[in-house]
Amino acid sequence: MDRTFDELVAEADAAPMSGWDFSWLEGRATEERPSWRYSRLLHERLGTVDAALDLQTGGGEVLAAAPSLPRLLVATEGWPPNVAAATARLHPHGIALVAHDDESPLPFGDASFDLVTSRHPVVPRWAEIARVLRPGGAYLAQHVGPASVFELVELFLGPQPEDVRRGRDPQDEAAAARAAGLELVDLRAERLRIEFHDVGAVVWFLRKVVWMVPGFTVDAYRTELRDLHERIVADGPFVAHSARHLVELRR
């Protein structure tokens with residue numbers, strides 16, 4: 001890597017953040033994918049139901065790639081840049097996009113959907129998911145698990161308390177879902193290797209995934225970023241591990 005710290009950081013800090021597309025990281029970072037291949041599972045399931053709801057759809061990339069869609073398919077999204085991107089991407093496929101803040105009740109009637117899905121929801125709201133599912137309907141999702149990419153988080157924020165590290169624990173989520181009246185069908189968890197090959201990739205990632213290091217800016221963390229740059233130059237890619245779990249529940 002011949003590019004300087006300042007060049008790498010400036011490029012990443014100026015890169016656009018719209019949508020939920022991570023292609024900017026190609027050649028600069030790698031991440032293992034879960035063995036269950038969530039996109040394939042989702043696409044297969046969408047072709048078997050009459051009405052489906054995708055929560056917190058991001059930029060709509062996963063839904064738009066589905067080869068077969070149900071008669072009714074609705075997606076929700078709350079982050080304004082993603083709302084615009086998802087609307088443009090999904091409407092040509094006949095998929096309705098509803099802007100929703102993810103905190104108020106879902107704007108759908110009881111027992112409206114055969115299938116509710118989500119990829120990396122911020123917080124799954126089990127009572128609302130159970131309410132909008134028809135009897136026998138399913139929730140199929142891939143969630144972020146506990147202490148995901150915390151090697152990077154703790155590099156900037158320091159050691160995190162145990163309750164923070166345990167957040168999003170799949171067993172805790174399963175218990176909360178059962179309390180809301182959902183039956184656990186499948187639960188699988190994996191930790192997956194991530195490599196950041198230059199400090200620009202780290203800057204871009206933390207600008208995109210804003211909850212990792214809240215309030216992250218290059219100026220606020222320039223010292224830590226410079227130390228990380230020197231570490232990568234000397235030792236090779238910075239390695240972290242994401243946590244993912246597949247969950248399927250039935251009403």
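Computation of the quantities below employed the complete heavy-atom set of this structure, encompassing side-chain atoms and omitting hydrogens, waters and symmetry-equivalent molecules. Here the structure is a predicted model, which is why all the values come from computation and not from measurement.
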Q.
To check you understand the geometry: which heavy-atom pair defines the closest contact between V164 and Q160, and what is its length?
A. CG1-OE1, 4.0 Å
Q: Please examine the side chains of S242 and L192, heavy atoms only from C-beta on, and report whether any two atoms are closer than 4.5 Å.
A: yes
Q: Evaluate side chain to side chain contact (heavy atoms under 4.5 Å, CB included) for Y38 paired with L140, printing each intermediate quantity in order.
A: CA-CA 9 Å; Y38 174 73; L140 177 68; 4.3 Å; yes
**Q.** Separation of D13 CG from T217 OG1 (nearest 0.5 Å)
**A.** 8.0 Å
Q: Would you mind reporting whether F156 and L206 have side-chain heavy atoms less than 4.5 Å apart?
A: yes
Q) With the threshold set at 4.0 Å, does a side-chain nitrogen-carboxylate oxygen contact exist between E31 and R33? A) yes
Q. Taking the side chain from D172 and the backbone from A175, do they hold a donor-acceptor pair closer than 3.5 Å?
A. no
Q: Look at R226 together with E224 and state whether they make a salt bridge at an N to O cut-off of under 4.0 Å.
A: no
**Q.** Donor-acceptor pair, side chain of T57 and main chain of D54, under 3.5 angstrom
**A.** no
Q | Same cluster (ILVMFWY, side-chain, under 4.5 Å), V74 and L46 | A | no
Q | Distance-only side-chain donor-acceptor flag, H245 / Q142, under 3.5 Å | A | no
Q. Can you tell me if R168 uses its side chain to pair, donor with acceptor, with the backbone of P146 under 3.5 Å?
A. no
Q. Hey, are W36 and E190 close enough side-chain-wise for a donor-acceptor pair under 3.5 Å?
A. no
Q) Thinking salt bridges, do E154 and R165 make one under a 4.0 Å N-O criterion? A) yes
Q: Quick one: closest heavy-atom pair of A180 and A127, and the distance?
A: CB-N, 3.9 Å
**Q.** Nearest non-hydrogen partners of Q56 and V123, listed with the distance
**A.** NE2-O, 4.0 Å
Q | Hydrophobic cluster membership, M212 vs I232, 4.5 Å side-chain cutoff | A | yes
Q. In Å, rounded to the nearest 0.5 Å, how long is the span from CG of L63 to CG of L97?
A. 9.5 Å
(Q) Grouping I, L, V, M, F, W and Y whenever their side-chain heavy atoms are under 4.5 Å apart, do W126 and L246 come out in a common cluster? (A) no
Q: Kindly compute the distance separating CZ (F113) from CD1 (I129), expressed to the nearest 0.5 Å.
A: 12.0 Å
**Q.** Any donor-acceptor N/O pair, R250 side chain to G136 backbone, under 3.5 Å
**A.** yes
Q.
Taking the side chain as everything from C-beta on, heavy atoms only, tell me whether R131 gets closer than 4.5 Å to L106.
A. yes
Q) Is P105 close to E128 at the side-chain level, that is, under 4.5 Å between some pair of heavy atoms? A) yes
Q. Could R251 and E183 be called an ion pair, given the rule that one side-chain N must be under 4.0 Å from one carboxylate O?
A. no
Q: For residues A111 and P135, report the shortest heavy-atom separation together with the two atoms involved.
A: CB-CD, 4.4 Å
Q. Just by distance, do the side chain of T87 and the backbone of V83 share a donor-acceptor pair under 3.5 Å?
A. yes
Q: Using modelled atom types only, decide if a donor and an acceptor are shared between the side chain of D114 and the backbone of G137 within a distance under 3.5 Å.
A: no
Q) What distance separates D198 CG from L8 CG, expressed to the nearest 0.5 Å? A) 5.0 Å
Q.
Donor-acceptor pair, distance only, cut-off 3.5 Å: does the side chain of R89 make one with the backbone of G59?
A. yes
Q: Report yes or no: does K208 contribute a side-chain atom to a donor-acceptor pair with the main-chain N or O of M17 at less than 3.5 Å?
A: yes
Q.
Counting C-beta onward and ignoring hydrogens, is there a side-chain heavy-atom pair between L42 and R119 closer than 4.5 Å?
A. no
Q | Nearest non-hydrogen partners of A12 and R207, listed with the distance | A | O-NH1, 2.7 Å
Q: Would you please test I194 and F205 for side chain to side chain contact (heavy atoms under 4.5 Å, CB included) and show each step?
A: CA-CA 12 Å; I194 298 176; F205 178 80; 5.5 Å; no
Q: Start with the C-alpha distance between R125 and D102, add both sets of side-chain angles, then the distance that settles side chain to side chain contact (heavy atoms under 4.5 Å, CB included), and finish with yes or no.
A: CA-CA 9 Å; R125 302 184 62 219; D102 304 324; 5.8 Å; no
Q: For the residue pair R244 and H143, establish whether any side-chain heavy-atom pair is separated by less than 4.5 Å.
A: no
Q. Distance from Y139 atom OH to L184 atom CG, nearest 0.5 Å?
A. 12.5 Å
Q. Does T48 reach the side chain of R45, with side-chain heavy atoms less than 4.5 Å apart?
A. yes
**Q.** CA sep, side-chain torsions, deciding dist, call: D219, R222, side chain to side chain contact (heavy atoms under 4.5 Å, CB included)
**A.** CA-CA 5 Å; D219 287 341; R222 186 170 293 273; 3.4 Å; yes
Q) Shared ILVMFWY cluster between L115 and L182, side chains joined below 4.5 angstrom? A) no
Q) Among W204, W211, Y221, which one satisfies ring pair (Phe, Tyr, Trp, His ring centres under 6.0 Å) with F216? A) Y221
Q: State, with a plain yes or no, whether a side-chain heavy atom of F238 is found less than 4.5 Å away from one of E151.
A: yes
Q: Compare every heavy atom of A201 with every heavy atom of A29, then report the nearest pair and how far apart it is.
A: CB-CB, 4.3 Å
Q: Give, for atom CG of L90 and atom CG of L73, the distance between the pair rounded to the nearest 0.5 Å.
A: 8.0 Å
Q) Among R191, H241, R193, whose side-chain contact (heavy atoms from CB on, under 4.5 Å) with E32 holds? A) R193
Q. Is V247 linked to V132 within one hydrophobic cluster, defined over Ile, Leu, Val, Met, Phe, Trp and Tyr using a side-chain heavy-atom separation of less than 4.5 Å?
A. yes
Q: Without swapping roles, check the side chain of S148 against the backbone of A243 for a donor-acceptor pair under 3.5 Å.
A: yes
Q: Could you tell me whether the side chains of H100 and E77 share a donor-acceptor contact shorter than 3.5 Å?
A: no
Q) Should the pair E162-R166 be classified as a salt bridge under the 4.0 Å nitrogen-to-oxygen rule? A) no
